[in-house]
Amino acid sequence: MITVPLSALEVAMVQAGTRAADTLRDTTEFARRLDELGYRRLWYAEHHHSPAIGAFPPVVLTAHAAASTSSLRLGSGGVLAPNHAPIMLAEQFGTLAALHAGRIDLGIGRGPGTFDESTARALRRGAGPTTDDEYRDDVSKTLRFLVEEVALDPLPEPWLLSSSTAGAALAAELGLPVAFAHHIRPDNTLAALRHYREHFSPSRWCDRPRVLVCVETVCAKTGEEAARLAGPMDVVKAGLLKGKGDIPFPTPEQAAVHPFTAQETRALAGFRAHQAHGTPDTVATRLADLAEATGADELMLVTPVHALTDRLKSYELVRRHVMAPAE
């Protein structure tokens, strides 16, 4: 058992042979079950123009899940600041926080949420990639608008998403909790979190460094079954290694016969070494080791497997074998 709270990230994978509408329906059942299992929070990621991931706005999913659950904290992980006017983010999440007191998080990230340049430019209404100064300004304005313009009570809990030292440095400067994408850039985790803690400045939002670490977690009764469930995401990652963001999310059967190159196989094995795949005992050990190594206050699990039943089973096994019983 580990003592840090466990949460979940929803990336809304669209399974081969299904419709985005099916994925959307599954997100509701997923939120309800996590609420029953006692996970702390559920965040929704922003993605666009991907055959593998549904383009569902985090603010909409947050609102729907908040109305469908009772205690789970909900929010964005994250909304991507370059794609939104700061005042709109403040109004949307400020309203949600007032409607669902003590349950709404505003996680803010930087990326465009797409690998397609034309989609990225459309989201930015023709503008190019955001600069460091523009991103800092967007985040600062969003926080200011929450207080000065929206001025509802209570306010959402703001978090800054990061996959690098630069993102962690901004979170430290602004005095925000940081959510680190270990499931994307595990090699950056320790250095970024060390910088964050060393340079943290307390603010109205956070009086001490607070760290959430997101880790890819696939838990099954056997290691072989966990590997089978992780296979579809391996195919998507192999495509990303080639610079292709248009890879559909295959079935486990399709993934089992996918021809990975030797280089892809080595890269995927190296990535898995930093994540939590396997039996309940293996997952428990890896999550405990990650919590200790990072000093995380909370772990967020992302489980990109094909079927909702298998995904929920993974979270159920973690709840039973890894999460400390509620007091």
Side-chain angles (χ1 to χ4, degrees), residues 9 41-48 55-67 73-114 120-164 166-181 196 199-212:
L9 176 66
R41 67 183 93 227
L42 171 61
W43 284 356
Y44 297 99
E46 178 180 345
H47 292 278
H48 303 277
F56 310 131
V59 67
V60 177
L61 293 181
T62 297
H64 181 67
R73 289 194 67 98
L74 296 145
S76 55
V79 287
L80 303 174
N83 300 340
H84 307 276
I87 194 166
M88 288 300 296
L89 286 183
E91 289 174 351
Q92 289 167 352
F93 283 86
T95 301
L96 279 174
L99 291 171
H100 304 280
R103 295 183 59 204
I104 302 300
D105 301 326
L106 171 55
I108 305 173
R110 175 171 179 170
T114 180
R121 294 186 73 87
L123 288 163
R124 296 264 291 155
R125 289 175 292 178
T130 185
T131 66
D132 291 345
D133 288 342
E134 287 171 337
Y135 177 53
R136 186 192 185 285
D137 189 54
D138 282 344
V139 175
S140 297
K141 284 181 177 176
T142 300
L143 298 175
R144 188 171 74 249
F145 284 139
L146 276 173
V147 176
E148 297 177 1
E149 300 291 336
V150 177
L152 293 167
D153 186 53
L155 292 173
E157 183 173 277
W159 290 73
L160 200 70
L161 276 61
S162 172
S163 62
S164 67
L170 180 58
E173 176 190 342
L174 298 178
L176 295 177
V178 69
F180 198 84
Y196 170 72
H199 295 86
F200 182 84
S201 296
S203 71
R204 66 165 295 149
W205 305 107
C206 194
D207 61 2
R208 63 174 180 82
R210 288 180 61 197
V211 171
L212 179 152

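Residue indices begin at 1 and follow the sequence shown. The shown structure was predicted, so the numbers you read here are calculated from the model rather than taken from an experiment. All values below were derived from every heavy atom in this structure, side-chain atoms included, with hydrogens, water molecules and symmetry-related copies excluded.
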>> Please check: side-chain N/O of R103 versus main-chain N/O of A66, any donor-acceptor pairing under 3.5 Å?
In response: yes

> Which heavy atom in L161 sits nearest to a heavy atom in G78, and how many Å separate them?
Replying inline: CD2-N, 3.2 Å

> Does the distance from a Lys or Arg side-chain N to an Asp or Glu carboxylate O, for R110 and D132, drop under 4.0 Å?
Replying inline: yes

>> To check you understand the geometry: which heavy-atom pair defines the closest contact between P177 and W159, and what is its length?
In response: CB-CE3, 3.3 Å

>> Tell me the closest heavy-atom pair linking F200 and C206, and the distance in Å.
In response: CZ-O, 3.6 Å

>> For the CE atom of M88 and the CZ atom of F145, what is their distance to the nearest 0.5 Å?
In response: 12.0 Å

> With a 4.5 Å limit on heavy-atom distance, are the side chains of W205 and L160 in contact?
Replying inline: no

> Are any side-chain N or O atoms of N83 and backbone N or O atoms of P112, one a donor and one an acceptor, separated by less than 3.5 Å?
Replying inline: yes

>> Give me the atom names and distance for the closest heavy-atom approach of L212 to W43.
In response: CD1-CH2, 4.1 Å

>> Assess the residue pair S140 and L174 against the criterion (side-chain contact (heavy atoms from CB on, under 4.5 Å)); give the C-alpha distance rounded to whole Å, side-chain angles, the decisive distance to 0.1 Å, and a yes or no.
In response: CA-CA 8 Å; S140 297; L174 298 178; 3.9 Å; yes

> Can you tell which of V79, L89, L96 makes a side-chain contact (heavy atoms from CB on, under 4.5 Å) with V59?
Replying inline: L96

>> As a quick check of understanding, evaluate side-chain contact (heavy atoms from CB on, under 4.5 Å) for Y44 and T62, giving each step before the final call.
In response: CA-CA 7 Å; Y44 297 99; T62 297; 3.7 Å; yes

>> Quick one: does any side-chain atom of Y196 pair with a main-chain N or O of R210 as donor and acceptor, under 3.5 Å?
In response: yes

> Within the distance-only criterion (no hydrogens, no angle test), does the side chain of R73 pair as donor or acceptor with the backbone N or O of I104 below 3.5 angstrom?
Replying inline: yes

> Which distance, rounded to the nearest 0.5 Å, do you find between the CD of E46 and the NE2 of H84?
Replying inline: 3.5 Å

>> Using side-chain heavy atoms (C-beta onward) and a distance below 4.5 Å, is L176 in contact with I108?
In response: no

> Out of curiosity, T130 OG1 to L80 CG, how far, rounded to the nearest 0.5 Å?
Replying inline: 11.0 Å

> Does the side chain of V139 come within less than 4.5 Å of E173's, by heavy atoms?
Replying inline: no

>> Are the side chains of K141 and I87 in contact, using a 4.5 Å heavy-atom criterion?
In response: no

> Just wondering, do F56 and H64 contact through their side chains at under 4.5 Å, heavy atoms?
Replying inline: no

> For the residue pair S203 and G175, what are the closest heavy atoms and their distance?
Replying inline: OG-O, 2.6 Å

> What residue among D105, L146, V150 forms side-chain contact (heavy atoms from CB on, under 4.5 Å) with P156?
Replying inline: L146

> What pair of heavy atoms forms the shortest contact from G102 to P154, and how long is it?
Replying inline: N-CG, 3.9 Å

>> Test your reading of the model: is there a side-chain donor-acceptor pair from T142 to the backbone of A90, 3.5 Å cut-off?
In response: no

